[in-house]
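Worksheet for the structure shown next.
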Amino acid sequence: MFERIDYYAGDPILGLMEKYSADSNPNKVNLGIGIYYDENGVLPVLDCVKTAEERIADPIAPRPYLPMAGLPGHRKGCQELLFGKDAQILKDGLVATIATIGGSGALKVGAEFIHDWFPQAKCYVSDPTWGNHIAIFEGSDVEVGKYPYYDKANSSIKFDEMIAFFETLNKNDVILLHPCCHNPTGMDLTQAQWDTVLNVVKARELIPFMDIAYQGFGEDMDSDAYAIRKAVEMGLPLFVSNSFSKNLSLYGERVGGLSVVCPTVDETERVFGQLNATVRRIYSSPPSHGGRVVDIVMNDEALHEQWVGEVYAMRDRIKGMRLKLKSVLEAKIPNRNFDYITRQNGMFSFTGLTPEQVERLQTEFGIYMVSNSRMCVAGLNTSNIDYVANAMADVLKD
Ligand code: PMP
């Protein structure tokens with residue numbers, strides 16, 4: 001009966017994690033999956049989260065179903081983080097926000113909504129992008145195309161080509177954008193470049209869908225949301241998916257949000273209703289535990305401040321690792337330019353290694369990164385960085 005079912009080859013990034021776990025090399029280093037590990041190579045529980053957990057645990061409360069859209073405090077937390085605490089559009093009730101099952105859930109609900117209500121729209125993603133972007137939109141029967149983004153030869157952005165491409169798109173086509181810490185390249189647009197992109201979006205009446213999974217890991221909470229807030233300032237309709245997986249270190253709790261900025265209150269209510277309907281038919285309502293943590297941390301002023309400090313400490317540690325990696329590689333291979341390492345933002349570095357070099361790192365040194373050469377810099381620490389830099393220098397030299 002089931003013999004015709006295709007085998008699943010597995011997810012390339014999650015599969016790498018399994019391979020890493022099975023590796024007996026005592027020096028092995030996991031730079032594959034996008035997870036922040038601290039200086040001791042440990043997945044941190046943030047102090048603000050510990051406090052929230054204590055509050056949740058005392059007293060242990062009943063666990064009713066949450067509303068389809070999740071906890072109001074979770075939704076408000078998403079909104080204020082993305083659009084700014086005092087944003088006029090929030091006062092005016094022009095944002096439909098639901099709490100979602102991680103950033104992935106937000107993308108899925110958004111993709112379903114676009115399929116249902118903008119059936120002609122194609123969705124364009126950056127070349128390259130996080131692989132699941134394509135899978136999620138195609139899984140909702142939205143046709144996916146790619147726009148030029150990364151220039152491998154120069155470790156830069158093909159900005160002019162990208163703009164020229166956007167100029168060819170049709171009204172209501174969706175462009176998926178990464179407001180900060182682009183995954184997988186780490187190469188972000190400048191604010192002036194965002195302005196140019198959004199002017200094209202406006203002129204051609206495209207639908208911007210901004211996916212922000214690393215807010216706070218680039219420059220700071222507000223600068224990382226520049227593109228989102230600029231789009232709002234320009235009066236554009238806008239989808240935003242956000243994830244708390246990384247910046248609250250709550251990967252397994254699956255917490256995120258989907259926000260849609262609308263022109264009028266009536267439209268906001270319609271959109272909010274349809275987002276609820278979409279949730280109802282997929283998974284009915286989001287999980288409560290992570291939602292309660294988000295609610296507490298985002299809405300308690302002192303905890304929020306503590307949280308921001310903890311995110312910046314993670315950001316700064318990653319930046320420190322970038323500097324160190326760059327300096328060791330420069331010393332080892334003086335004729336090669338490694339500036340790209342510190343020009344990139346967020347958790348990832350696109351190293352430009354060939355698939356063969358990535359494979360050699362894995363088999364000869366037990367160093368795991370994605371075959372497209374994406375390295376998770378947050379997996380580096382003072383104990384493993386020399387080992388990794390020397391191994392990289394070795395495979396680059398041969
Ligand atoms: N968007 C991007 C760009 C991501 O990198 C990720 C996580 N790797 C997600 C969305 C999904 O986030 P989550 O893990 O919260 O589902």
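First listed ligand is number 1; within each ligand, the first listed atom is number 1. In what follows, every heavy atom counts, from backbone to side chain, and hydrogens, waters and symmetry copies are set aside.
Classification of the Y340-F338 ring pair by plane angle, with boundaries at 30° and 60°, yields tilted.
Looking only at side-chain heavy atoms (C-beta outward), E253 and L248 stay at 4.5 Å or farther from each other. The shortest side-chain heavy-atom distance between Y149 and H182 falls under the 4.5 Å cut-off.
Close contacts between ligand 1 and S243 involve ligand atoms 12 (O), 13 (P), 15 (O) [criterion: under 4.0 Å to a heavy atom]. For ligand 1 and R254, the ligand atoms under 4.0 Å from any heavy atom of the residue are 13 (P), 14 (O), 15 (O), 16 (O).
Of all heavy-atom pairs spanning L46 and S249, the tightest one is CG-CB, 4.2 Å.
Under a hydrophobic-cluster definition in which Ile, Leu, Val, Met, Phe, Trp and Tyr are linked whenever side-chain heavy atoms come within less than 4.5 Å, directly or via other members, L238 and L90 are assigned to the same cluster.
Heavy-atom neighbours of E364 CD from other residues, nucleotides or ligands within 6.0 Å: above the threshold of 12.
Under a 4.0 Å N-O distance rule, the pair K19/D23 does not qualify as a salt bridge.
S104 OG, 2.6 Å is the protein heavy atom nearest to atom 16 (O) of ligand 1. Ranking protein heavy atoms by distance to atom 1 (N) of ligand 1, first place goes to D211 OD2, 2.5 Å. If you check which protein heavy atom lies closest to atom 7 (C) of ligand 1, you get K246 NZ, 3.5 Å.
Contact analysis leaves H182 out of contact with ligand 1, as no non-hydrogen atom separation drops below 4.0 angstrom.
In the candidate list G103, G346, G252, G103 is nearest to atom 13 (P) of ligand 1, counting heavy atoms.
At a heavy-atom distance under 4.0 Å, only side-chain atoms of Y214, from C-beta outward, approach ligand 1.
For ligand 1, the polar-atom distance check finds an N/O of S245 within less than 3.5 Å of one of the ligand's N/O atoms.
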